[in-house]
Amino acid sequence: MGHHQLPETMKAAVMTEPGHIIIEEQAVPQPAEDEVLIQVMAVGVCGSDVHYFEHGRIGRFVVEKPIILGHECAGIVAAVGSRVSRLKEGDRVAIEPGVTCGRCTACKEGRYNLCPDVQFLATPPVDGAFVQYMTIREDMVFPIPDHLSFEEAAMNEPFSVGIHAARRSKLAPGTTLAIMGMGPVGLMAVAAAKSFGVEHIIVTDLEEVRLEAARRMGATHTINVRNEDAQAVIRELTNGVGVDTAWETAGNPKALQSALYSLRRGGKLAIVGLPAQDEIALNVPFIADNEVDIYGIFRYANTYPAGIEFLSSGQHDVMSLITDRYSLEETQQAMERALHNKSGSLKVMVYPNGK
C-alpha cells in the first residue's frame with residue numbers, strides 16, 4: 001500500500017455542549033516522532049461516552065470545553081513518526097485508548113491502568129476517536145490479523161475489561177461464574193469468561209434480547225430478574241452451594257447485593273460496573289463470615305494482545321452484538337440511539353471513513 005497523499009483536512013464530530021454534536025472540518029494531525037497517524041475505521045459507542053453526552057461529566061471528569069467522544073476504536077496506520085519501528089503504513093490495528101506515563105509506580109508495577117497521568121481518549125480534556133484521523137503513541141497500537149474486522153477489533157476495548165476482571169478474580173476452568181448485567185461490557189465479559197475456559201456461566205438481566213445475546217456469547221444459564229429471583233435460581237443451579245466467582249457489570253446496587261449473595265463461602269466478587277451513587281449498603285458480616293474476596297476493576301492493563309488472540313480464534317460471535325451502524329455525520333443520532341437504548345439495540349458502531 002505505497003505512500004499516498006494524505007488529505008490536509010478531515011471531519012470530526014465535536015460535542016460543543018452535552019447532548020449536542022456538530023461536524024467540523026479540522027486539520028489532519030501530524031504524528032510526533034513516537035506516534036502513528038490512524039485512519040479511524042470503526043468506533044464503538046460506550047456507556048461512558050453516553051454519560052458525557054447526557055450529563056457532561058463523570059465524577060471528577062468534567063467537560064469544560066468542546067470535546068470529541070469515542071474511545072473503542074480500530075483503523076489503519078496512515079503515517080508513522082520518525083522513530084516508529086514496530087508499525088508501518090497500511091497496518092490494520094486495534095487501539096488501546098489510555099496513553100500512560102510509563103514512569104510512575106503504577107506503570108512500573110505493570111498496573112498502568114492506575115497511572116494518575118493517563119491520557120485516555122474521550123476523557124476530558126483529551127479528545128477521542130469520532131474523527132477520520134487521529135494520532136496516538138505507537139505502543140498503544142496493536143496489529144490485527146486480516147480476517148479480524150475493524151468492528152471486532154474495536155470491541156477488544158470492552159472485551160479487555162472482561163479479561164482484566166478474569167485475571168484479577170483468578171478465573172479458572174472448571175469453576176462457576178455469575179455475571180450480573182448484560183450491557184455491552186457484560187456481554188463481552190461472557191466472551192472473556194468463555195475464553196478462560198469457564199464451563200458454567202450464569203447471567204442476569206432485565207431484558208430478554210440481552211439474555212439471548214448472552215447465550216450466543218456462551219452463557220449456560222440466563223435469569224430474567226424481572227420475573228425470577230436470581231439468588232434462588234443460582235442456589236438451585238449450584239446445589240445450594242453458590243458460585244465460585246461473581247461479577248457485577250451493571251453498576252446497579254441491587255445487582256451488586258445479588259452478586260454478593262450468589263457466592264459460595266470463600267467466593268470472589270469483582271466490581272466492574274460503576275453505580276450512580278458512592279455509598280451502597282453491603283452485608284459486612286456476610287463478607288467477613290464467608291471470607292469473600294472483593295476486587296475493584298478499573299479498565300484493564302496488558303490485555304490487548306490476548307484479547308486480539310481470543311477474538312481472532314473465531315469462537316466468539318461478536319459481530320452479532322453490533323446492532324446499529326452510523327456514519328461520522330450521524331454521530332449525534334448514534335449517541336441518541338445508545339442513550340435511549342431501544343429494545344433490540346445492543347452495540348452502536350460509528351464508521352468515520354464510511355460504512
Side-chain angles (χ1 to χ4, degrees), residues 7-29 38-59 61-76 78 95 97 119-136 149-155 157-158 183-185 187-188 207 209-210 213 251 274 276 318-319 321-355:
E8 283 175 15
T9 63
M10 64 169 186
K11 293 192 185 80
V14 181
M15 185 175 85
T16 51
E17 59 187 344
H20 188 62
I21 289 174
I22 61 167
I23 305 300
E24 236 177 50
E25 283 285 308
Q26 293 190 353
V28 170
I38 305 289
Q39 182 180 18
V40 184
M41 299 307 289
V43 189
V45 177
C46 165
S48 69
D49 297 315
V50 174
H51 204 88
Y52 285 123
F53 180 72
E54 188 179 11
H55 303 289
R57 64 179 301 152
I58 297 178
F61 298 103
V62 182
V63 178
E64 282 162 356
K65 59 180 185 38
I67 189 170
I68 297 167
L69 295 174
H71 65 265
E72 307 175 352
C73 53
I76 302 166
I95 293 144
Q119 303 280 301
F120 200 89
L121 295 182
T123 297
V126 183
D127 280 328
F130 288 143
V131 290
Q132 290 185 301
Y133 293 89
M134 58 178 260
T135 54
I136 195 156
S149 68
F150 292 117
E151 293 100 323
E152 289 167 300
M155 294 291 270
E157 202 277 341
V185 169
L187 289 167
M188 293 308 284
E207 278 199 52
V209 64
R210 294 178 164 206
L274 284 183
V318 172
M319 290 302 282
L321 299 183
I322 300 163
T323 49
D324 303 272
R325 294 175 163 87
Y326 294 89
S327 67
L328 189 69
E329 286 79 0
E330 301 166 324
T331 301
Q332 171 86 27
Q333 293 98 296
M335 294 304 297
E336 285 171 6
R337 173 77 180 176
L339 171 60
H340 301 303
N341 194 341
K342 299 279 186 297
S343 189
S345 175
L346 296 168
K347 190 73 191 181
V348 177
M349 194 68 64
V350 172
Y351 301 85
N353 282 283
K355 284 190 250 197

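- Proximity of Y52 to L69: side-chain heavy atoms (C-beta onward) are separated by under 4.5 Å at one or more points.
- Using a 4.5 Å heavy-atom cutoff, the side chains of L321 and P184 are not in contact.
- Side-chain contact between Q132 and P7 is absent, with no heavy-atom pair separated by less than 4.5 Å.
- With contacts defined as side-chain heavy-atom distances shorter than 4.5 Å, the pair M335/M15 does not qualify.
- You'll find the side chain of E64 stays beyond 4.5 Å of the side chain of P124, heavy atoms only.
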*Run the side-chain contact (heavy atoms from CB on, under 4.5 Å) check on I67 and F130 step by step: do they pass?*
CA-CA 10 Å; I67 189 170; F130 288 143; over 6 Å; no
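- N353 places a side-chain N or O within donor-acceptor distance of the main-chain N or O of V40, the cut-off being under 3.5 Å.
- When side chains are defined from C-beta on, K347 does not count as touching M188, because their heavy atoms never get closer than 4.5 Å.
- The only option from E329, E336, E330 that meets the side-chain hydrogen bond (donor to acceptor under 3.5 Å, both in side chains) definition with Q332 turns out to be E336.
- The shortest distance between side-chain heavy atoms of M134 and I68 does not fall below 4.5 Å.
- Looking at E151 and Y351, their side chains do bring a donor and an acceptor atom within 3.5 Å of each other.
- The NZ atom of K11 sits 11.0 Å away from atom OG1 of T331, with the distance rounded to the nearest 0.5 Å.
- Two residues are said to be in side-chain contact when any heavy atoms from C-beta on lie closer than 4.5 Å; P29 and M10 meet this criterion.
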